[in-house]
Structure formats: structure tokens, C-alpha cells
Amino acid sequence: MKKRLLSVCLAALLLTSCSKVQSKPVDSSIPEISADAVQSTTSATTTSTTATTTAEPTEEAAPPEPEITSVNIVCAGDNLIHANIYRQANERAGGDGYDFSYPYQYVKHYIEEADLAILNQETIITDEFEPSTYPCFCTPEEMGHEVIEMGFDAISIGNNHILDKGEAGMLATLDFWSTNYPDIPVYGGYKNTEDMNNLRALEVNGIKFGFLSYMEHTNGLSLPAGSECELVYLSELELIEQQIKAAKEVCDCVIISPHFGVETTNVVSDNQYYLAQLFADWGADIIVGTQPHTIQTMEYLEKADGGQAFVFYCLGNFLSSQDYVYCLVEMLGRITVTKNHTTGEITLSNANAVPLIDHYDYGFANVRIYPYSEYTEELANAHGCPELTIEFIDYLIAQNIPEEFLSE
């Protein structure tokens, strides 16, 4: 990997206005004050002082309350679009285009209600290539429109499938996002070094968020020699440290989306623990992990500067049609970020996880997501994966979501 110099292409222009105070010229025509006049002035002042001391004491004005704003964040895991999903979407559109609204109908309100909603879009989105499924995915552009219509505000594309259609596919998905949604932060893959150094940021309720994304690998695929495109792998720790620290200089809250961990296991790896703590010590505030396709635990981390960060080690999937039972239990991560605008202090609170079930009927029909709070025994019995039972779901949730973070 070639060495790169980091430059942050964010500038803040601080405008201040100052009123000029001009001294009045001395008027030589003003007569000198006589001794009698001085005495009279002194007497009047004394009388006024006496009157003041005999009046009832007044209460001191209370200092103004500091301005405080909060942002409620929702994070979703891997939006992993298999052939079953896009074929069903094509059928629902009458064979002309794709209607992706059906799978999300029971969870859409969580996204709509958030002040800031973040998604890991696991597959590239473009119509420049035919739709394709595992192992090299490509998803129709209607999916991109659907996730934005649903309410997602920031999209991570830094994952192992970003090069599934090579450099051309990566550039095509970047073009889709920049052309259709130029104000949406899309991060994790970049057209060139200048683009990479242009930190993706978004201000919500007076709080400025910065977004960075990194991946462990790209399934053995790589950019061609001489490519101007940029990807940052988790092995490039010196560059990552520079990026996080630079982002923290200009943002209130830095959100990291690392694609890390061992696939199809709920066990957090030593490397995940190590990297999450490094990110926190360098300035990351919220770490939203994906890749294993299974739910993993979460916790607050103590930063090197004494502050706190929070990590969801893995949210699991959001939408997919995987057939391994451990990959069918997933979650939305939620957390509140609050800023005291007087002191500039940022605090995290209300961290929790909403368990979800990735459901499909026999033969992978009617793929859709349910909140576990609305999932029934009848639905579980009808799941296309017979190993998925209510007892298994309860076990998996109890093992991986600490009780203090369990929502609903």
C-alpha cells in the first residue's frame, strides 16, 4: 500500500465583528466646576448612597442556562442484498424495476424517528452492472433510493464487498451516491486521495458529526496498479490514527464504522477489542462494528483523555437471506449524543440495542425484518430456517446483549 500524506480539506471561517469606540474631542468652552459645585455633587452622591443602603436588597440575576442539544442515533448493520431479495422486489414492481419497500415495513419507523440514522450498505449499488448475488454482489439503484427514503442519513461502504465488481464497480457506486444524494455522507471508499481527505461530516441539532470507515480485507480483490481510488484497511494504523485525530479537531462527535471480526460467530475477537480501544484513545466517540453477520456484545470504553466512547462490536445483518441460524438474529444500535454548547462537552447516554429477526418463509420467500418485540411463535414456526426458534432467539440475545443495553 503506497504511503499517503493526510490533509484535511475542511476549513472553518470564523467571522467576528468589532465596534470601534471613538473618544469625543474635549470642548474647551465647558466652564470649570467651582468648589461649591463640587461640594453639591458630593452631597448629592452621599444622599443617593444612603438611600441605596436603606432599600430592600435585590436578588442577583441567575446566570443563563447553558444551551444543550441532543441527537438520537440509530445504526443498522449489513444491508446484504441476495438474489432472493432483488428478484422479489422485481416481482412486486410488476417486472418493471424494483420495489424494495416490503422487507423494511415493520422496522422503518425506527429509522424515521431517529435524528441521525447510519447504515452499512454491504453491496455496491449501480445499474451499470447486472444485479448479482453471492459471492460478488451488485444491487439495483432502487435500493439506494429506498434506504434514503426510509430515512438513512449516512452510508458506510467500507466493507469487504466494495470491490466485487472491481474498480469500475466501486466508481459506479460512488457516482450513484454523489449524483443522486450529494448531501448524504457516503464514506469508506473514495475516488482519489483528495476525495479521501475530504472528511464526510454532518451537522444535526447543532452537533457536528464526522464519519470514517475501514475494512479488514476485500475478499482477496484489490485495486489495479496505478488506480487513483482509495481504500483504507485496518492494517494502516498510522493513517487511521491521523484521520481520527484530524476529524476530532473539527467535529464534536467522531463515528467509526469498522468492518472487522470473524464471520458467523458471536465471539468478539481480541483484534476487535484492541482496535476499538485504539480508536477511542485516538478520539473516536462511537464505534459501529459490522462484518460477522451475527450480533455481538457492546460496552462503554474509557478514553485516554478520561472521556467515554461506546462500541457496538457487531450489529449483525439488517436485511439478508442468509440461511445460517446465527445470522438471522440482528439488532439496531441506538445511542444519544448531547452537547453543552457553553462548555463544548459531549456526553453519551441511552445506549441500547433493539433485537430484530431476519424472516423469510419456506424457500426464502417474502424476506422481511421484524422487531423481536413483534415476533410471534407462529412466525418462528413458519420460518424457512427450521433451527430458528423462540428459545434459540432468547438464548442468543441473553448471551450477547447485556441486560442494561437491552431495549424492548
Side-chain angles (χ1 to χ4, degrees), residues 73-81 107 110 117-123 152 154-162 187-188 211-219 233-234 240 255-280 284-301 309-335 351-358 369 371-372 388 392-393 395-407:
I73 298 176
V74 169
C75 309
D78 296 339
N79 206 41
L80 182 61
I81 311 305
V107 295
Y110 291 109
I118 303 167
L119 174 69
N120 176 52
Q121 180 54 49
E122 183 83 354
T123 56
F152 282 103
I155 309 291
S156 172
I157 59 171
N159 56 63
N160 56 306
H161 290 288
I162 187 63
Y187 57 105
F211 304 92
L212 294 165
S213 182
Y214 310 107
M215 71 287 288
E216 279 189 334
H217 60 86
T218 45
N219 295 339
Y233 293 88
L234 284 164
I240 292 172
I255 297 177
I256 310 296
S257 298
H259 209 60
F260 63 176
V262 181
E263 291 199 9
T264 67
T265 177
N266 305 103
V267 179
V268 180
S269 69
D270 290 342
N271 194 48
Q272 284 173 279
Y273 285 123
Y274 170 71
L275 289 174
Q277 187 62 60
L278 275 185
F279 298 159
D285 298 286
I286 300 172
I287 300 158
V288 185
T290 53
Q291 178 164 279
H293 304 299
T294 56
I295 59 172
Q296 295 181 343
T297 193
M298 62 216 67
E299 63 180 332
Y300 281 100
L301 299 175
F310 193 85
V311 54
F312 298 98
Y313 285 102
C314 186
L315 298 174
N317 292 323
F318 186 46
L319 179 65
S320 80
S321 57
Q322 290 188 292
D323 58 1
Y324 184 48
V325 65
Y326 280 82
C327 301
L328 301 174
V329 181
E330 23 190 76
M331 64 188 180
L332 292 173
R334 301 195 295 189
I335 192 166
N352 64 86
V354 180
L356 307 175
I357 304 300
D358 197 5
I369 314 167
Y372 185 45
L388 188 78
F392 176 81
I393 296 169
Y395 165 79
L396 209 59
I397 290 173
Q399 290 295 309
N400 294 281
I401 305 180
E403 186 174 353
E404 65 266 34
F405 301 129
L406 181 60
S407 173

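For the ring pair (Phe, Tyr, Trp, His ring centres under 6.0 Å) test, residues two or more places apart in sequence or in another chain that qualify with Y187 are F211. Applying the ring pair (Phe, Tyr, Trp, His ring centres under 6.0 Å) test to H161 and every residue at least two apart in sequence or in another chain returns F137. Taking F318 as the reference, Y104, F152 meet the ring pair (Phe, Tyr, Trp, His ring centres under 6.0 Å) condition, with sequence neighbours excluded.
Residues I357 and I369 fail the side-chain proximity criterion, which asks for heavy atoms closer than 4.5 Å. No side-chain heavy atom of F310 sits under 4.5 Å from any side-chain heavy atom of I287. Within the 4.5 Å cutoff, the side chain of R334 has heavy atoms near those of the N352 side chain. Side-chain contact check for V288 versus I256: every heavy-atom pair is 4.5 Å or farther apart. Annotation: side chain of E216 is not in contact with side chain of Y233 (no heavy-atom distance under 4.5 Å). Under the 4.5 Å side-chain criterion, counting only non-hydrogen atoms from C-beta, E263 is in contact with N160.
Atom OG of S407 is separated from atom CG of L332 by 9.5 Å, given to the nearest 0.5 angstrom. To the nearest 0.5 angstrom, C75 atom SG is 10.0 Å from L119 atom CG.
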Test side chain to side chain contact (heavy atoms under 4.5 Å, CB included) applied to I397 and L406, step by step = CA-CA 9 Å; I397 290 173; L406 181 60; 3.8 Å; yes
Start with the C-alpha gap between L396 and Y326, add the side-chain angles, then the distance that decides, and say whether side chain to side chain contact (heavy atoms under 4.5 Å, CB included) holds.
-> CA-CA 8 Å; L396 209 59; Y326 280 82; 3.5 Å; yes
Test side-chain hydrogen bond (donor to acceptor under 3.5 Å, both in side chains) applied to E122 and N120, step by step | CA-CA 6 Å; E122 183 83 354; N120 176 52; 2.8 Å; yes
How far apart are the C-alpha atoms of V262 and V267, what are their side-chain angles, what is the distance that settles it, and do they pass the side chain to side chain contact (heavy atoms under 4.5 Å, CB included) test?
-> CA-CA 8 Å; V262 181; V267 179; over 6 Å; no
Output, in order, the C-alpha distance, side-chain angles, deciding distance and verdict of side chain to side chain contact (heavy atoms under 4.5 Å, CB included) for D323 and S321.
-> CA-CA 6 Å; D323 58 1; S321 57; over 6 Å; no
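Although no hydrogens or angles enter the test, the distance criterion places a donor-acceptor pair under 3.5 Å between the side chain of Q291 and the main chain of G261.
A donor-acceptor pair shorter than 3.5 Å can be found between the side chains of T123 and Q121. A donor and an acceptor atom, one from each side chain of S213 and S156, are located under 3.5 Å apart. Side-chain polar atoms of N400 and Q296 form no donor-acceptor pair below 3.5 angstrom. Donor-acceptor pairing under 3.5 Å is recorded for the side chains of N317 and H293. D358 and S320 are linked by a side-chain donor-acceptor pair at a separation below 3.5 angstrom, with hydrogens and angles left out of the test.
For the pair I295 and L315, the tightest heavy-atom approach, listed with the atom from each and the gap, is CG2-O, 3.8 Å. In terms of heavy-atom proximity, M215 sits nearest to G188 at CE-O, 3.7 Å.
When each of C314, S269, C327 is checked for a side chain to side chain contact (heavy atoms under 4.5 Å, CB included) with P292, only C314 meets the rule. Just one residue in the list I401, T294, L388, L356 forms a side chain to side chain contact (heavy atoms under 4.5 Å, CB included) with V329, and that residue is L388. With H259 as reference, T290 is the one residue of T290, T218, N159 to meet the side chain to side chain donor-acceptor pair (under 3.5 Å) rule.
Aromatic ring centroids of F405 and F312 lie 6.0 Å or more apart. When ring centroids are compared, Y273 and Y313 come within the 6.0 Å threshold.
Surrounding CD of E403 are at most 12 heavy atoms belonging to other residues, nucleotides or ligands under 6.0 Å away.
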